[in-house]
Amino acid sequence: MDRTSIFNVAALRQEMILLTINEVIESLDRKGYKAENQLVGYLMTGDATYISTFEGARDKVRTLKREEVLLALINNYQGK
């Protein structure tokens with residue numbers, strides 16, 4: 001095969017961010033926490049201690065830039 005594959009790095013990064021956020025939400029839900037409240041607290045302040053350490057949720061969210069998370073969420077909401 002002599003085909004060249006073209007990848008949209010921005011779209012792949014956005015997908016990875018959304019998958020990570022979904023993993024964090026699932027972990028927080030399993031622990032019985034209000035995931036929305038914890039994520040809003042983190043996104044507004046940048047303080048990762050808003051996120052529980054349960055199942056590595058805090059470590060996962062720390063791998064992401066807050067600005068990228070917000071952009072990915074907005075793009076996803078808009079269907080982009």
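Everything numeric here is computed off the predicted structure, so don't read it as measured data. The analysis underlying the following values was restricted to heavy atoms, covering all of them including side chains, and did not include hydrogens, waters or symmetry mates.
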Query raised in the report: Quick one: are Arg66 and Tyr42 in side-chain contact, heavy atoms under 4.5 Å?
Result: yes

**Report entry** Distance (rounded to the nearest 0.5 Å) between Leu70 CG and Lys65 NZ
**Finding:** 13.5 Å

Query raised in the report: Any salt bridge (charged side-chain N to carboxylate O under 4.0 Å, His left out) pairs touching residues 39-53, not counting sequence neighbours?
Result: none

Query - Same apolar cluster: Val61 and Leu71, side chain cutoff 4.5 Å - result: no

Sequence neighbours excluded and cut-off under 3.5 Å, please list the side-chain donor-acceptor pairs for residues 31-40, or say none.
unit_1 : atom_1 : unit_2 : atom_2 : d
Gln38  : OE1    : Ser52  : N      : 3.1

Name every donor-acceptor pair, under 3.5 Å, that has one atom in a side chain of residues 18-26 and the other anywhere in the protein, sequence neighbours excluded.
unit_1 : atom_1 : unit_2 : atom_2 : d
Thr20  : OG1    : Met16  : O      : 2.9
Asn22  : ND2    : Leu18  : O      : 3.3
Glu23  : OE1    : Lys60  : NZ     : 3.4

Query raised in the report: Any side-chain heavy atom of Thr45 within less than 4.5 Å of one from Tyr50?
Result: yes

**Report entry** Side-chain touch Ile17/Arg13, heavy atoms, less than 4.5 angstrom
**Finding:** yes

Requested in this report: Answer yes if the side chains of Asn76 and Gln14 hold a donor-acceptor pair under 3.5 Å, and no otherwise.
Outcome: no

